[in-house]
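The structure appears right after this line, and notes come after that.
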Amino acid sequence: MDRAGCCYCFSDDGTDGDKAGSYDTHELVLDAIFRNRMKQYESLTNRFAAASAVFIPFYAGFNKVTRNAASTDLSFWLTVQPQWRRITGRDHFLVAGRTAWDFQRSSGDDVNADRGSGLLITPAGRNMSLLVLESTLKHISDFSMSYPTYFHPRSDADVLRWQDRVRGQKQTWLMPHPNVATSI
């Protein structure tokens with residue numbers, strides 16, 4: 001976890017060398033970051049009748065043998081819960097550190113049969129909101145969120161130092177060019 005307690009980091013001390021505010025945050029841990037942040041809110045309740053929204057912690061590990069089993073089990077379990085039936089899950093949401101395409105594999109015949117699961121095509125997946133790294137724009141229930149960033153400023157001074165550093169860089173290409181070494 002980083003020093004602010006808001007994300008999971010994967011280096012020994014959580015920092016990226018001597019760059020203040022930079023952490024080794026993996027780009028696919030949005031679900032873990034979000035869940036950790038949710039646990040910090042004082043307004044959380046275990047009483048579903050009092051809840052305005054229901055967060056479903058679900059970590060989508062895509063193992064070829066079990067990739068659909070977890071989605072199918074989750075869908076079934078949710079749809080038989082009394083709190084789900086209240087408004088058929090439209091008040092439930094899930095945050096995933098994956099793209100929406102990773103949750104729309106329909107069958108073994110699918111062109112992307114080697115990846116993902118079918119969560120978004122299950123009855124539960126069609127009714128709840130899914131906050132993902134990239135939306136498909138195909139379903140009204142999946143919404144894009146930003147990829148986690150490596151930069152976690154702890155202060156205004158961290159932001160100002162970073163802005164000065166970036167402004168001071170000499171870069172002639174908008175994107176790194178294969179034949180030009182860049183060090184931003």
Side-chain angles (χ1 to χ4, degrees), residues 1-44 53 55-64 67 70-71 93-105 110-120 125 128-184:
M1 221 180 307
D2 78 351
R3 290 183 183 130
C6 68
C7 65
Y8 294 87
C9 301
F10 296 102
S11 64
D12 290 341
D13 66 352
T15 64
D16 185 16
D18 60 354
K19 299 174 190 147
S22 294
Y23 294 84
D24 252 352
T25 304
H26 192 276
E27 64 196 31
L28 301 178
V29 295
L30 179 64
D31 40 13
I33 292 169
F34 190 87
R35 182 169 188 211
N36 192 47
R37 293 293 290 196
M38 286 292 297
K39 292 190 303 186
Q40 296 176 27
Y41 287 99
E42 292 178 15
S43 62
L44 291 179
F55 169 61
I56 304 163
F58 179 72
Y59 301 99
F62 294 138
N63 165 315
K64 282 189 176 187
R67 66 177 155 222
S71 295
F93 71 100
L94 185 143
V95 177
R98 313 284 300 194
T99 69
W101 292 107
D102 287 337
F103 296 99
Q104 295 186 40
R105 191 176 62 77
D110 192 326
V111 86
N112 293 315
D114 285 340
R115 70 178 180 95
S117 76
L119 180 64
L120 277 178
M128 68 180 158
S129 296
L130 182 64
L131 307 171
V132 290
L133 295 175
E134 295 175 17
S135 173
T136 63
L137 302 176
K138 188 175 170 182
H139 297 279
I140 60 170
S141 62
D142 60 272
F143 303 92
S144 293
M145 292 184 71
S146 299
Y147 277 86
T149 178
Y150 281 80
F151 184 55
H152 305 280
R154 292 177 297 234
S155 66
D156 290 347
D158 284 349
V159 174
L160 294 172
R161 271 192 299 279
W162 177 254
Q163 288 172 339
D164 288 343
R165 179 175 178 219
V166 171
R167 284 183 189 121
Q169 295 292 315
K170 186 173 202 130
Q171 185 169 345
T172 55
W173 299 92
L174 177 60
M175 300 296 288
H177 190 274
N179 299 327
V180 177
T182 58
S183 61
I184 289 183

Query raised in the report: Would you say I140 has more than 12 foreign heavy atoms packed within less than 6.0 Å of its CD1?
Result: no

**Report entry** Least distance between heavy atoms, M145 atom then L131 atom
**Finding:** SD-CB, 3.3 Å

Requested in this report: Quick one: pull up CD1 in I33 and CG in L28 and give me the separation to the nearest 0.5 Å.
Outcome: 10.0 Å

Report task. Grab the two heavy atoms, one from S71 and one from L119, that are nearest each other, plus how far apart they are. Result -> OG-CB, 3.5 Å

**Report entry** side-chain hydrogen bond (donor to acceptor under 3.5 Å, both in side chains) involving S135 - partner list, sequence neighbours excluded
**Finding:** D142

Query raised in the report: Around atom CG of D164, are there more than 12 heavy atoms of other residues, nucleotides or ligands at under 6.0 Å?
Result: yes

Requested in this report: Can you see which heavy atom on S141 is nearest to which on L120, and at what distance?
Outcome: OG-CD2, 4.3 Å

**Report entry** Plane angle bin for F34 and F93 - parallel if under 30°, tilted between 30 and 60°, otherwise perpendicular
**Finding:** perpendicular

Report summary line: Hits for ring-ring contact (aromatic ring centres under 6.0 Å, His included) against F143, two or more places apart or cross-chain, chain-then-number order -> none

Query raised in the report: side chain to side chain contact (heavy atoms under 4.5 Å, CB included) with A96: which residues, sequence neighbours excluded?
Result: L94, F103, L130, V132

Requested in this report: First locate atom CZ of F55, then atom CZ of R35, and finally report the distance between them rounded to the nearest 0.5 Å.
Outcome: 6.5 Å

Query - For Q104 against T136, the heavy-atom pair lying closest together - result: NE2-CG2, 2.9 Å

Requested in this report: Taking the side chain as every heavy atom from C-beta outward, state whether L160 and S155 have any pair of such atoms under 4.5 Å apart.
Outcome: no

Query - Which atom of F58 lies closest to which atom of D31, heavy atoms considered - result: O-OD2, 4.0 Å

Query - S43: partners by side chain to side chain contact (heavy atoms under 4.5 Å, CB included), with sequence neighbours left out - result: Y41

